[in-house]
Amino acid sequence: MVHLSGEEKTAIATLWGKVNADEVGGEALGRLLVVYPWTQRFFDSFGDLSSATAVMGNPKVKAHGKKVIDAFSNGLKHLDDLKGTFSSLSELHCDKLHVDPENFRLLGNEIVIVLAHHLGKDFTPKVQAAFQKVVAGVANALAHKYH
Amino acid sequence: MLSAQERAHVTQVWDLIAGHEAHVGAELLLRLFTVYPSTKIYFRHLGTCPDEVQLQSHGQRMLAAVGVAVQRMDNLRAALSPLADLHAQVLRVDPANFPLLIQCFQVVLASHLQDEFTVEMQAAWDKFLTGVAVVLTEKYR
């Protein structure tokens with residue numbers, strides 16, 4: 001469960017409404033694959049990931065980014081029960097996808113950086129703190145069913 | 001371990017913030033303390049609620065050290081040796097905190113520079129700062 005003040009919840013809802021969520025997803029995933037290239041190990045079928053330009057323009061990266069951010073957006077509506085909300089996704093990432101949970105933390109940080117990039121000075125330290133709490137909560141929820 | 005291209009990107013990033021060390025450093029510390037309150041334990045000398053003057057003063061010092069590292073990417077160990085001694089013997093900042101500082105640094109750059117701060121620059125800067133952190137904690141044991 002993520003503990004956010006009323007002010008933090010309002011800030012999150014307001015600023016999330018200002019960004020194009022689909023774009024955020026594609027950019028965050030793209031940045032993850034460029035900044036931490038070993039994360040490409042999960043995406044052998046994605047085609048050309050040979051350069052930053054290739055990654056950021058790759059349609060499969062964008063499509064997958066959108067899928068990921070849709071799940072994240074859903075999480076924003078259920079901040080009181082992230083573990084429940086992400087329960088089956090957690091099982092999937094453990095049992096079928098075999099993704100190291102450290103990747104959820106890295107991707108969460110990239111989502112924050114992309115938000116900073118889009119929102120500029122609106123992304124104040126307090127807003128960053130609120131979003132970092134959320135991405136940490138989502139990462140923990142996704143790791144929760146690992147065994 | 002930074003390629004020539006990566007070094008060029010690191011220098012590009014530095015050129016965009018050089019001259020603004022106090023301001024960037026202050027915001028970096030403010031974000032660090034706001035987002036990761038446990039990091040404040042290493043800055044007791046700034047008081048429980050550091051003001052802008054204190055943040056700028058300490059921020060300036062930290063960014064100046066980053067500037068030294070940028071100039072001496074060819075030999076970080078030599079350039080940062082005194083700082084590495086300080087961290088090992090006096091400050092003893094737990095190594096787990098350096099990624100938190102690096103995250104806040106990326107957020108400062110992304111929010112201020114926006115499109116000027118490209119993916120390639122972010123990747124190179126991350127790799128560079130991670131290298132700095134390794135050098136600063138290398139003498140811990």
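Per chain, numbering begins at 1; letters A, B, ... match sequence-line order.
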> Please classify the contact of A:Lys121 with chain B as side chain, backbone, both or neither, using a heavy-atom distance under 4.5 Å.
backbone
> With a 4.5 angstrom heavy-atom cut-off, could you sort out which part of A:Ile113 is near chain B: side chain, backbone, both or neither?
both
> Side chains of residues 64-72 of chain B: which donor-acceptor pairs under 3.5 Å do they make with residues two or more places apart or in other chains?
none

> Using the rule that Ile, Leu, Val, Met, Phe, Trp and Tyr join whenever any side-chain heavy atoms are under 4.5 Å apart, tell me whether B:Phe98 and B:Val90 fall into a single cluster.
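Per the 4.5 Å side-chain linkage, B:Phe98 and B:Val90 are co-clustered.
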> For the side chain of A:Gln132 and the backbone of B:Val35, is there at least one donor-acceptor N/O pair under 3.5 Å apart?
no
> Chain B heavy atoms under 4.5 Å from A:Phe131: which part of the residue, side chain, backbone, both or neither?
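Interface part for A:Phe131: neither.
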> Determine whether B:Val107 and B:Ile102 fall in the same hydrophobic cluster, where Ile, Leu, Val, Met, Phe, Trp and Tyr are linked whenever their side-chain heavy atoms lie under 4.5 Å apart.
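No; tracing contacts between hydrophobic side chains, which count when under 4.5 Å, never links both residues.
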> Quick one: which of B:Gln122, B:Glu120, B:His112, B:Gln106 has the most heavy-atom pairs under 4.5 Å with chain A, could you say?
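Most pairs with chain A among the choices: B:Gln122.
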> Please determine whether the number of non-hydrogen atoms from other residues, nucleotides or ligands lying under 6.0 Å from atom NZ of A:Lys67 exceeds 12.
no
> Are A:Leu115 and B:Leu28 linked, directly or through intermediate hydrophobic residues, by side-chain heavy-atom contacts shorter than 4.5 Å (ILVMFWY only)?
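Not linked; separate clusters.
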> Select all residues of residues 72-101 of chain A having any heavy atom within less than 4.5 Å of some heavy atom of chain B, and report them by number, or 'none'.
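Listed by number: none.
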> Heavy-atom pairs under 4.5 Å with chain B are the metric here; pick the option from A:Ala129, A:Ala130, A:Ala52 that has the most.
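Highest number of pairs under 4.5 Å: A:Ala129.
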> If only side-chain N and O atoms count, and only distance matters, is there a donor-acceptor pair under 3.5 Å linking B:Gln103 with A:Glu110?
no
> Identify which part of A:Ser51 has an atom lying under 4.5 Å from any heavy atom of chain B, answering side chain, backbone, both or neither.
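Neither part.
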> Indicate if B:Tyr36 and B:Leu136 have the same hydrophobic cluster label, given that clusters are the connected sets of ILVMFWY residues with side-chain heavy-atom separations under 4.5 angstrom.
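Yes; tracing contacts between hydrophobic side chains, which count when under 4.5 Å, links both residues.
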> Give me the atom names and distance for the closest heavy-atom approach of A:His117 to B:Asp115.
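Distance-wise, the nearest heavy atoms are NE2-OD1, 3.0 Å.
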> Kindly indicate, with the supporting measurements, whether the criterion side-chain contact (heavy atoms from CB on, under 4.5 Å) is fulfilled by A:Gln128 and B:Cys104.
CA-CA 9 Å; A:Gln128 180 189 350; B:Cys104 289; 3.9 Å; yes
> For A:Lys126, look at atom NZ and say whether over 12 heavy atoms of other residues, nucleotides or ligands are found less than 6.0 Å away.
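No, the 6.0 Å shell around NZ holds no more than 12 heavy atoms from other groups.
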> Kindly work out whether a path of hydrophobic side-chain contacts (I/L/V/M/F/W/Y, heavy atoms less than 4.5 Å apart) joins B:Ile41 to B:Leu86.
yes
> How long is the straight-line distance from CZ of A:Phe123 back to CZ of B:Arg31, given to the nearest 0.5 Å?
7.0 Å
> Does CD belonging to B:Glu52 count more than 12 external heavy atoms closer than 6.0 Å?
yes
